[in-house]
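Small disclaimer: the values here were computed from a predicted structure and weren't measured. Nothing fancy with the numbering, it's 1 onward along the sequence. Every number for a ligand or one of its atoms is a count from 1 in the order of the listing.
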Amino acid sequence: MSYFSAVDIITTKRDDGVLSDDAITWVLDAYVRGDLAEEQMSALLMAIFFNGLSERELNTWTDRMIESGERLELGNLTRPTVDKHSTGGVGDKISLILAPLVAACGAAVPQLSGRGLGHTGGTLDKLESIPGWRAFLSNDEIREQLDSVGAVICAAGQGLAPVDRKLYSLRDVTATVASIPLIASSIMSKKIAEGTHALVLDVKVGRGAFIKNLEQARELASTMVGLGVSHGVATVAQLTSMDAPLGRAIGNALEVTESVDVLQGKGPSDVRELTLALARIMVELVGLDVDPETKLDDGSGYEVYERMIRAQGGDPDATLPIASCREEVVSVEDGVVHSIDALEVGIAAWRLGAGRARKEDPVSAAAGVVCLIREGDAIIKGQPMFELHADDETHLQQGRDAIANAVVVGERPVNTEALLLERITN
Ligand code: URA
């Protein structure tokens with residue numbers, strides 16, 4: 001490998017030039033080894049933030065991120081593998097329902113997940129509200145459970161695309177998170193290293209999502225689909241609305257309960273609709289001729305859920321933590337619910353204790369919000385709109401303040417927005 005000058009690489013990108021494969025390989029490898037100064041990588045990230053990466057540059061950048069660590073080898077499983085990634089939303093508990101449901105259809109679902117940060121929740125935090133449940137599995141345990149149960153939801157090991165952690169921390173403090181090539185390579189390097197054969201991406205758009213407009217969501221989705229396909233992973237993206245919270249429950253144990261409701265044929269219709277839409281794409285991607293709705297309705301999805309939780313030490317029948325402080329928030333007027341702001345509800349759940357500000361902060365299992373209204377509902381003064389759950393009065397007060405302006409009530413009926421927006425394929 002030739003030697004490159006970090007300053008030349010930064011200059012090329014700053015001036016909107018194209019980096020060679022060797023230059024990208026050199027710069028990322030040097031960064032992994034600790035031979036590139038943080039300020040040089042910061043400058044390069046900012047140049048990428050402004051000038052982007054070409055398709056070829058992005059492929060090479062992603063390859064080097066994958067090669068910075070190990071790959072989970074899933075080739076010997078008896079079932080086809082398919083996974084889902086969501087770009088993060090409020091009340092997004094779909095993985096808890098989807099992974100066992102798609103396993104009940106005959107696929108293996110390796111969901112290597114993360115924790116919540118800020119107003120969006122994390123799948124592991126939700127499942128950790130189940131007594132005894134274990135997030136950390138070895139690679140052998142993951143493979144074994146995929147064979148025996150068909151679904152695993154566990155912590156992504158430190159070995160998958162480890163440079164991403166370093167780059168992400170740097171992006172966080174250099175205002176370079178919101179860059180499409182950097183987000184796409186970050187997400188897809190981990191999914192490709194995970195070894196899944198197929199992938200559905202749930203790209204959230206709207207007030208409660210990290211991407212607020214449809215144009216940008218389309219660009220992110222097609223960039224990630226392109227990366228997946230060029231790395232041999234059959235990938236489809238579904239754009240979905242995240243203007244209002246998904247379902248009624250926001251908060252760790254509250255979302256587990258709602259997921260179990262959906263797996264038992266109850267629960268909110270939007271959660272069921274999105275789960276089935278993603279499940280249909282997943283079974284189609286791996287060529288299984290099964291309608292996931294039949295597996296939801298005949299209880300097979302729930303059966304796999306119980307086995308998946310037990311396999312990781314959890315008790316699916318255990319009583320989940322319950323908040324000691326609860327309070328209803330009522331409407332101050334009559335009218336029609338025009339909007340429920342997912343971001344404000346997500347922040348309220350976070351303030352109540354369900355989320356964390358820093359990676360190392362603890363979360364409350366019991367805290368959160370239950371939405372008692374939907375957009376388009378008629379409402380009268382004094383009618384409860386939300387139920388707030390917290391472990392103490394201080395958190396309850398913070399949640400109450402944060403949710404105060406989350407609902408807009410109008411006089412006229414409104415048309416509610418569709419949940420499923422667009423599908424992006426290669
Ligand atoms: N999630 C990731 O894993 N990486 C990003 O850059 C953004 C969201």
Side-chain angles (χ1 to χ4, degrees), residues 28 31 41-42 44-50 52-53 57-59 61-66 68-69 72 83-90 92 94-95 110-125 135 153-196 199-206 208-213 216-228 231 233 235 237-240 242 342-343 346 355-359:
L28 278 176
Y31 187 56
M41 185 51 93
S42 305
L44 180 59
L45 291 174
M46 190 57 85
I48 293 173
F49 181 91
F50 283 114
L53 291 173
E57 286 177 306
L58 180 61
N59 262 309
W61 184 277
T62 308
D63 281 342
R64 295 321 302 167
M65 289 180 73
I66 298 167
S68 73
L72 188 56
D83 192 8
K84 183 225 44 161
H85 177 83
S86 154
T87 55
V90 176
D92 185 2
I94 300 296
S95 292
Q111 269 262 306
L112 305 192
S113 302
R115 293 179 191 282
L117 198 59
H119 74 279
T120 61
T123 302
L124 301 181
D125 296 325
I153 302 179
C154 67
Q158 305 282 313
L160 296 182
V163 70
D164 179 59
R165 258 191 311 285
K166 216 174 153 190
L167 283 173
Y168 195 88
S169 308
L170 190 59
R171 287 166 58 206
D172 211 17
V173 295
T174 54
T176 52
V177 169
S179 146
I180 287 185
L182 295 177
I183 297 172
S185 55
S186 164
I187 292 174
M188 294 305 291
S189 60
K190 290 174 282 192
K191 286 293 162 190
I192 295 163
E194 168 195 284
T196 188
L199 178 67
V200 64
L201 299 161
D202 178 3
V203 178
K204 306 281 190 198
V205 200
F210 166 53
I211 302 236
K212 312 286 180 198
N213 76 62
Q216 277 186 324
R218 283 189 190 116
E219 194 186 334
L220 176 62
S222 58
T223 306
M224 291 196 291
V225 168
L227 272 178
H231 285 82
V233 180
T235 309
Q238 174 69 54
L239 307 192
T240 66
M242 189 26 79
L343 179 60
R356 57 169 70 78
R358 288 170 312 152
K359 281 203 294 286

Taking side-chain hydrogen bond (donor to acceptor under 3.5 Å, both in side chains) as the definition, give me every residue that meets it alongside Thr174, ordered by chain and number, with sequence neighbours left out. Thr176
Results of side-chain hydrogen bond (donor to acceptor under 3.5 Å, both in side chains) for Arg64 - residues two or more places apart only: Asp29
Could you go through Thr196 and Lys191, starting from their C-alpha distance and side-chain angles, then the distance that decides it, and tell me whether this counts as side-chain hydrogen bond (donor to acceptor under 3.5 Å, both in side chains)? CA-CA 7 Å; Thr196 188; Lys191 286 293 162 190; over 6 Å; no
side-chain hydrogen bond (donor to acceptor under 3.5 Å, both in side chains) partners of Ser42, counting only residues at least two apart: none
Ligand 1: which residues have a non-hydrogen atom closer than 4.0 Å? Tyr168, Arg171, Ile183, Ser186, Ile187, Lys190, Phe210
Taking the six-membered ring of Tyr31, is NZ or CZ of Lys166 closer than 6.0 Å to its centre and within 45° of its axis? yes
Go through the steps to decide whether Ser189 and Asp164 satisfy the test side-chain hydrogen bond (donor to acceptor under 3.5 Å, both in side chains), and finish with yes or no. CA-CA 8 Å; Ser189 60; Asp164 179 59; 5.0 Å; no
